[in-house]
Amino acid sequence: QVQLVESGGGLVQAGGSLRLSCAASGRTSSSYAMAWFRQASGKEREFVAAISWSGGRTYYAPYVKGRFTISRDNAKTTVYLQMNSLKPEAPAVYYCAADYSDNVGVKQYEYSYWGQGTQVTVSS
């Protein structure tokens, strides 16, 4: 199995940028897809972006497309989420997820492994 640890969250002003990282450890020699989800207080967790093992396939939620970029460095077993042009909204915890199926899925159930999350707050 794989263990995931997110970092890079914090407070940023609207219009600014933030880069989240998710470091994987454990059985990282097998191919696995990775994704980011987010959850605001009182709301359901929602899909943000996903990337295949090779990085050749990516998928974004419509509300972040053009502003966020997901990427990965398999040598460092790390996936990144570059977030630009951030919009003011309720604080959310961003979660990293992984699954050995290597499907670029958008549903939570498609991912078997989850990190603890990192909080992002965008102020107006």
Side-chain angles (χ1 to χ4, degrees):
Q1 58 182 2
V2 63
Q3 293 79 45
L4 306 172
V5 178
E6 303 94 334
S7 62
L11 174 65
V12 62
Q13 287 191 329
S17 299
L18 207 58
R19 188 176 83 155
L20 305 182
S21 299
C22 174
S25 61
R27 189 163 68 92
T28 57
S29 58
S30 300
S31 61
Y32 51 95
M34 297 190 77
W36 288 96
F37 288 74
R38 70 180 188 182
Q39 186 171 22
S41 180
K43 295 190 175 182
E44 292 188 359
R45 193 171 299 188
E46 61 182 359
F47 170 78
V48 177
I51 188 168
S52 63
W53 167 255
S54 69
R57 289 175 289 134
T58 58
Y59 192 76
Y60 296 91
Y63 63 88
V64 304
K65 200 168 185 179
R67 299 187 298 121
F68 291 11
T69 302
I70 189 170
S71 62
R72 66 189 297 165
D73 182 339
N74 288 340
K76 297 181 179 179
T77 65
T78 301
V79 67
Y80 305 97
L81 184 69
Q82 178 67 43
M83 305 186 293
N84 298 329
S85 302
L86 285 163
K87 300 180 179 180
E89 51 192 2
V93 177
Y94 281 70
Y95 296 93
C96 176
D99 196 85
Y100 292 113
S101 68
D102 203 26
N103 291 326
V104 186
V106 303
K107 301 295 185 181
Q108 294 183 58
Y109 66 78
E110 296 181 272
Y111 296 89
S112 302
Y113 304 99
W114 293 82
Q116 295 299 307
T118 184
Q119 178 146 324
V120 173
T121 303
V122 183
S123 64
S124 58

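Quick caveat, the model's predicted, so the values are computed rather than measured. Along the sequence shown, residues carry numbers from 1.
Using a 4.5 Å cut-off between side-chain heavy atoms of Ile, Leu, Val, Met, Phe, Trp and Tyr, with links allowed through other members, Tyr111 and Trp53 fall into different hydrophobic clusters. When hydrophobic clusters are built by joining Ile, Leu, Val, Met, Phe, Trp and Tyr residues whose side-chain heavy atoms come closer than 4.5 Å, directly or via intermediates, Val2 is grouped together with Leu81. If you chain together hydrophobic residues whose side chains sit under 4.5 Å apart, Tyr80 and Val120 never meet in one group. When the side chains of ILVMFWY residues are joined at heavy-atom separations under 4.5 Å, either directly or via intervening members, Val48 and Tyr60 end up in a single hydrophobic cluster.
In this structure, Ser7 OG and Arg19 CZ are separated by 9.0 Å, a value rounded to the nearest 0.5 Å. The line from CH2 of Trp114 to SG of Cys22 is 10.5 Å long, rounded to the nearest 0.5 Å. Rounding to the nearest 0.5 Å gives a distance of 8.0 Å between CD of Gln82 and OG of Ser71. In this structure, CG in Asn74 is found 9.0 Å from CE in Met34, a value given to the nearest 0.5 Å.
For Asn103 (side chain) and Ala33 (main-chain N/O), no donor-acceptor pair under 3.5 Å exists by modelled atom type. Counting only distance, with no hydrogens or angles, the side chain of Glu6 and the backbone of Thr118 share no donor-acceptor pair below 3.5 Å. Under the 3.5 Å distance criterion, the side-chain polar atoms of Asn84 are left unmatched by any main-chain donor or acceptor of Ser17.
Across every non-hydrogen atom of Val104 and Ala50, the tightest pair is CG1-CB, 3.4 Å. Nearest heavy atoms, Ser124 versus Ala14: CA-CB, 4.3 Å. Across every non-hydrogen atom of Leu4 and Ala98, the tightest pair is CD1-N, 3.7 Å. Minimum heavy-atom separation, Gln119 to Thr121: NE2-OG1, 3.7 Å. Of all heavy-atom pairs spanning Glu110 and Lys107, the tightest one is OE1-N, 2.9 Å.
The aromatic rings of Phe68 and Tyr94 sit tilted relative to each other, their planes meeting at an angle between 30° and 60°.
With contacts defined as side-chain heavy-atom distances shorter than 4.5 Å, the pair Glu46/Tyr63 qualifies. Side-chain atoms of Met83 and Leu20, non-hydrogen and from C-beta on, do get closer than 4.5 Å to each other.
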**OP:** Tell me, with the steps shown, if Glu89 and Arg38 meet side-chain contact (heavy atoms from CB on, under 4.5 Å).
**Re:** CA-CA 12 Å; Glu89 51 192 2; Arg38 70 180 188 182; 2.9 Å; yes
Subject >> Verdict with supporting geometry, Val79 and Tyr32, side-chain contact (heavy atoms from CB on, under 4.5 Å) >> reply: CA-CA 11 Å; Val79 67; Tyr32 51 95; over 6 Å; no
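Heavy-atom neighbours of Gln13 CD from other residues, nucleotides or ligands within 6.0 Å: at or below the threshold of 12.
Taking the ring centre of Tyr100 as origin, the terminal cationic atom of Arg27 falls inside the region bounded by 6.0 Å and 45° from the ring axis. In this structure, Arg45 is not positioned above the aromatic face of Phe37 in the sense of NZ or CZ being under 6.0 Å from the six-membered ring centre and within 45° of the axis.
Judged as a salt bridge (charged side-chain N to carboxylate O under 4.0 Å, His left out), the pairs with a partner in residues 52-72 (not counting sequence neighbours) are, in order, Arg57-Asp102.
Aromatic ring centres of Trp36 and Tyr95 lie farther apart than the 6.0 Å criterion allows.
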